[in-house]
There are 2 protein chains.
Amino acid sequence: MPTPDRTSLAEIVDAGRAVLEDGGLSRLTMQSVAERVGVRAPSLYKRVRDRDALIDAVVAATIDDLTDRLEASDRSLEGLASAYRAFAHERPEGFRLIFATRQPQTALDRASVAILDTARGLVGEDRSLEAARLVTAWATGFVQMELAGAFQLGGDLDDAFAFGVAALRRGLESV
Amino acid sequence: MPTPDRTSLAEIVDAGRAVLEDGGLSRLTMQSVAERVGVRAPSLYKRVRDRDALIDAVVAATIDDLTDRLEASDRSLEGLASAYRAFAHERPEGFRLIFATRQPQTALDRASVAILDTARGLVGEDRSLEAARLVTAWATGFVQMELAGAFQLGGDLDDAFAFGVAALRRGLESV
DNA sequence: ACCTGAACACCGTTCAAGT
DNA sequence: ACCTGAACACCGTTCAAGT
């Protein structure tokens, strides 16, 4: 006798993201997600292989949202960079998790395209991949260090970020 | 009746680092560290407040080693950058953990000095802090993405790294 | 077909009892 | 003064039994 579904994969992933932002990865337990969704922990295993798979799904959803933001920016170097940083500030735990997991992140493909387009406009086709990697690495590292509290020598972080984009633009335009 | 010490804080931290590189953070359990040190898990609590404090100590020791490497480099922009990257390749889990923990990282002070010196030589006193942050953010992000397998569009990563340092030098020299 | 309680393995942590 | 086994709380996961 079929029972009506009491939840769904999408609802579980959303609950996982909410719990993650609330309390960090260590609070992202099967029990806390189940409770938020109104079900018992063992029921989650009907939709999700295990906790790691749930975490992967949370990462994938986060990357999707991040990509939407990049695509919605003005696509300039400055626009991409600040959209990236703003997203990380909004969802610090989710952002952090993207680079804390080791897996085939084909979900990053869409984001790569947006950044590559802008990079191509700055340095041309030949060096666009390297230029995109420069910009992405810098933005990723900046935000991660910011979130980790690793910038401890004072100074204004907004200034440092603006200085960084400007220097990158100069460095790339002189290729 | 005093018992002779069967271990020490330093030995525990070293064991923690070894276990970490072997199996990642999730394998860094009190039990695995205790076993490696030849003691039962509860005994660790005589030297270490809890697992988080052990992790903090592992991070601090890792930052110390990293700083030694930076100081032992030729102190050029290129030398610092490749020393940084080489260290991350040697101790990927330890490196990763540095920016995965949120805490007062005064241990980063020594490393900051080395990078600031080099940055000052490139852009002068006024913008040295921002320049140091640009370089550190880029190197950190590059290596983290590399370790996470986030560079998935082919191309040579050594090339991309060299391209990055060169572009940063140009961007900074034209301040 | 989905949901649950019970059960098991494992981990962090405390503590009384050993030496 | 350090070390240990026993115990407790908590978590991930499986599974037989419910609907």
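Owing to the predicted nature of the structure, the values given are computational and were not obtained by experimental measurement. Each chain gets a letter, A, B and so on, in the order the sequences are listed, and its residues count up from 1.
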Could you tell me whether the phosphate oxygens of C:dT4, OP1 or OP2, come under 4.0 Å of any side-chain nitrogen or oxygen in A:S43?
yes
Between D:dT19 atom P and A:R6 atom CZ, what is the distance in whole Å?
12 Å
Checking the side chain of B:S32 only, and the main-chain atoms of B:L28 only, is there a donor and an acceptor separated by less than 3.5 Å?
no
For DNA chain D, what string of dots and brackets results from 5' to 3' when Watson-Crick and G-U pairs need both distances under 3.5 Å, crossing pairs get [ ], and pairs with another strand get |?
||.|||||...|||||.||
Taking side-chain contact (heavy atoms from CB on, under 4.5 Å) as the definition, give me every residue that meets it alongside B:D117, ordered by chain and number, with sequence neighbours left out.
B:R75, B:V113, B:R120
Not counting sequence neighbours, which residues clear salt bridge (Lys or Arg N to Asp or Glu O under 4.0 Å) with B:D5? List them please.
B:R47
Say whether, by atom type as modelled, one donor and one acceptor occur between the side chain of B:E173 and the main chain of B:L122 under 3.5 angstrom.
no
Rounded to whole Å, the NZ-C1' distance (B:K46 to C:dC15) equals 10 Å
Between B:F161 and B:F142, how do the two ring planes meet: parallel, tilted or perpendicular, split at 30° and 60°?
perpendicular
Taking CD1 from A:I12 and P from C:dC3, how many angstroms apart are they, rounded to a whole number?
8 Å
Mind checking what makes ring-ring contact (aromatic ring centres under 6.0 Å, His included) contact with A:Y84, not counting sequence neighbours?
A:F95
To the nearest angstrom, the CG-P distance between A:L44 and C:dG5 comes to 13 Å
CA sep, side-chain torsions, deciding dist, call: A:R85, A:E90, side-chain contact (heavy atoms from CB on, under 4.5 Å)
CA-CA 9 Å; A:R85 184 169 176 231; A:E90 264 174 56; over 6 Å; no
Listed by chain and number, what are the salt bridge (Lys or Arg N to Asp or Glu O under 4.0 Å) partners of A:E35, not counting sequence neighbours?
none
For the side chain of A:R47, starting at C-beta, report the closest nucleotide among D:dG5, D:dC2, C:dC3.
C:dC3
Tabulated below should be each protein N or O lying under 3.5 Å from an N or O of nucleotides 8-14 of chain D; please produce it.
unit_1: D:dG12; atom_1: OP1; unit_2: A:M30; atom_2: N; d: 3.3
unit_1: D:dG12; atom_1: OP1; unit_2: A:R51; atom_2: NE; d: 3.2
unit_1: D:dG12; atom_1: OP2; unit_2: A:M30; atom_2: N; d: 2.9
unit_1: D:dT13; atom_1: OP2; unit_2: A:Y45; atom_2: OH; d: 2.9
unit_1: D:dT13; atom_1: OP2; unit_2: A:R51; atom_2: N; d: 2.9
unit_1: D:dT13; atom_1: O5'; unit_2: A:Y45; atom_2: OH; d: 3.3

